[in-house]
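Heads up, the thing below is written out as structure tokens.
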Amino acid sequence: MEKEVKWWKNAVVYQIYPLSFMDSNGDGIGDLSGIQSKLDYLKNLGVDVIWLSPVYESPMDDNGYDIKNYLAIDKIFGTMEDMKNLIEKTHQMGMRLIMDLVINHTSDEHHWFLESKKSNDNPYRDFYVWRDQPSEIGSVFGGSAWEYDEHTDSYYFHLFSKKQPDLNWDNPKLREKIYAIVNFWLDMGIDGFRLDVIDLIGKDIDQKILSDGPHLKKRLKELYDQCFQGRDIMTVGEMPGLSLESAAAITSGKNPLLDMIFQFSHISLDEIPGKGKWALRPLDLIEFKNVFEKLQTTMFNHGWNSLFLANHDQPRAVSRYGNLAYRVESSKMLATILYGMQGTPYVYQGEEIGMTGVKFDNIDQYKDIETKNIYQILSNQGIPHEEIMASIYAKGRDNSRTPFQWDDSRNAGFSTGNPWLDLNPNYKEINVKKDLSNPDGVYHYFKKLFQIRKSNQVFLDGKFIPFMKDNPELFGYYRKNKKDFVLIIGSFNDQSMQIEIPGKILEVLITNNPTIEVTNKMEIPPYYACILRIKGDQ
Ligand code: GLC
Ligand code: CA
């Protein structure tokens with residue numbers, strides 16, 4: 001353990017999806033001024049770092065993950081002045097702000113691409129990937145990853161939508177432009193980046209190696225040397241296809257290439273292996289526990305984890321892993337299990353009040369390009385509407401993108417206009433105002449949990465040791481350092497169950513049900529959670 005602990009190891013990060021957080025001017029779209037008006041709410045929760053999903057100028061084909069101009073704020077979100085104000089205000093309140101950096105691809109409306117399309121000898125031609133013939137690589141959003149362009153009679157590569165052409169990282173001129181953009185924002189005073197699908201920038205398309213490609217480490221190193229080195233920032237790389245071993249290597253050492261990584265091994269466990277995200281199967285808790293144990297032990301003293309269950313691409317955590325019949329209990333239980341581990345905690349907006357997924361009747365109510373594409377593709381294959389909708393209800397990205405639920409007034413207090421995406425109709429029941437007014441609300445629990453994490457060193461450096469490893473309904477583990485020994489317990493059981501806790505129980509640090517007396521042999525109610533300080537060797 002290094003002497004001086006890096007600030008981001010102790011930080012709580014809160015992800016804002018700007019389109020859906022808070023609308024300040026009644027156009028139905030969340031914006032920067034809206035975010036600024038809610039900083040107190042975040043500060044009070046114990047947030048240290050705000051991560052903003054993209055706010056750059058964009059045609060919004062993929063909600064801002066398709067950038068048209070890296071150096072401008074999209075006018076739906078506000079102005080560059082608003083951005084500077086937000087950074088300043090965030091800093092004044094003792095918080096930091098990181099931006100989303102989408103540099104695997106741009107929008108097809110970016111002027112580099114408009115130039116690139118013009119001719120084979122255009123100076124920007126090699127900023128993108130052009131081939132005479134397509135290969136069989138498929139797009140993440142369905143269909144081929146190659147789009148034919150008549151003008152030069154060739155195909156360009158897009159791993160996401162056809163409006164998101166992939167940049168050609170083999171081109172040093174492109175890389176130079178990217179570094180200038182990254183430095184522009186860092187010089188403006190932001191505190192780091194979440195790097196979108198950054199595992200893809202080392203790819204070798206002709207060899208069909210995409211994630212964790214042959215050039216990845218070298219590219220990350222150059223990015224680090226040109227932009228990150230010597231700055232007091234944090235970086236977190238989204239790396240869906242990366243092995244745990246590579247994740248550990250990239251985030252370890254004195255000057256890691258990236259401070260931490262979003263690793264996805266726990267995320268795909270409710271999918272039929274090899275069949276993609278829409279083919280559902282029930283989660284096996286033992287598998288889920290094993291994945292976390294592996295993450296926690298592999299990265300112990302060798303890299304750094306980011307702790308997350310949800311984000312703007314994933315369904316709501318409580319709908320996915322909890323139980324809506326026990327919404328409040330299971331929201332708290334999931335937080336206990338997740339944030340008791342080693343790593344930097346991430347909260348996705350709304351998770352802290354137990355917001356849930358949504359079930360719209362009509363496919364037209366969905367706005368996400370991935371959902372729209374998959375609906376089309378599966379319908380064309382003859383799959384019945386109900387079956388497709390079941391997958392979309394479970395996994396669609398709009399689940400977590402519905403407008404934030406501030407109160408029970410019109411549009412949940414999110415906007416006075418017409419929201420760009422319909423609200424979850426449950427906003428009268430589930431909203432900030434109601435949750436905050438209840439001392440047993442989810443928000444207060446998250447807040448307390450973060451305070452406990454920060455005031456007990458064992459959450460920072462304690463070793464992870466599984467507890468009741470073979471139990472299919474209970475997720476338990478110890479954290480242990482030289483001075484301290486804690487036990488974290490979370491029930492995934494919708495029935496009461498018996499558990500036995502060895503050792504002397506010294507203190508209950510937190511629990512989602514204080515009416516239950518904690519003893520060595522106890523019966524715990526559905527979705528029970530607690531963190532205990534105990535004495536003794538294990
Ligand atoms: C990342 C983003 C996702 C986006 C994709 C393409 O996975 O989180 O929202 O669609 O990259 O940029
Ligand atoms: Ca607005």
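Because only heavy atoms are used, hydrogens play no part in the values below, and waters and symmetry mates are left out as well, while side chains stay in. Note that ligands are numbered from 1 as they come in the structure, with each ligand's atoms numbered from 1 the same way.
- Contact annotation for Tyr17 and ligand 1: no heavy atom of the residue comes within less than 4.0 Å of the ligand.
- For Tyr17 (side chain) and Asn311 (main-chain N/O), no donor-acceptor pair under 3.5 Å exists by modelled atom type.
- Residues Gln296 and Leu307 form a side-chain contact, since some pair of their non-hydrogen atoms from C-beta on lies under 4.5 Å apart.
- By the 4.0 Å N-to-carboxylate-O rule, Arg194 lies close enough to Asp100 to be salt-bridged with it.
- With a 4.0 Å heavy-atom cut-off, ligand 1 is reached by no atom of Glu370.
- At least one N, O or S atom of Asn25, from either the backbone or the side chain, sits less than 3.0 Å from the Ca ion (ligand 2).
- Note on Asp23: its N/O/S atom closest to the Ca ion (ligand 2) is OD1.
- Among protein heavy atoms, atom 4 (C) of ligand 1 sits closest to Asp62 OD2, 3.2 Å.
- Taking atom 5 (C) of ligand 1 as the reference point, the nearest protein heavy-atom neighbour is Phe160 CE2, 3.8 Å.
- Formation of a donor-acceptor pair under 3.5 Å by the His105 side chain with backbone atoms of Lys163 is not found in this model.
- Judged by the 6.0 Å and 45° rule, Lys38 forms a cation-pi pair with Trp406.
- Here Gln314 has no heavy atoms under 4.0 Å from ligand 1, in either its backbone or its side chain.
- Distance from atom 2 (C) of ligand 1 to its nearest protein heavy atom, with residue and atom name: Asp196 OD1, 3.0 Å.
- Looking at heavy atoms from C-beta onward, Met260 lies in side-chain contact with Tyr346 at the 4.5 angstrom threshold.
- No donor-acceptor pair closer than 3.5 Å links the side chain of Ser139 to the backbone N or O of Ala145.
- Here the protein heavy atom with the shortest distance to atom 9 (O) of ligand 1 is Asp313 OD1, 2.7 Å.
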CA sep, side-chain torsions, deciding dist, call: Lys6, Asp259, salt bridge (Lys or Arg N to Asp or Glu O under 4.0 Å): CA-CA 10 Å; Lys6 297 265 183 30; Asp259 295 327; 5.8 Å; no

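- When hydrogens are left out, the protein atom nearest atom 7 (O) of ligand 1 is Glu238 OE2, 3.0 Å; that is the closest non-hydrogen contact.
- Among heteroatoms of the N, O or S kind in Asp27, OD1 lies nearest the Ca ion (ligand 2).
- Looking only at N/O/S atoms, Asp31 comes nearest to the Ca ion (ligand 2) through OD2.
- Checking Ile29 against the Ca ion (ligand 2), an N/O/S atom falls under the 3.0 Å cut-off.
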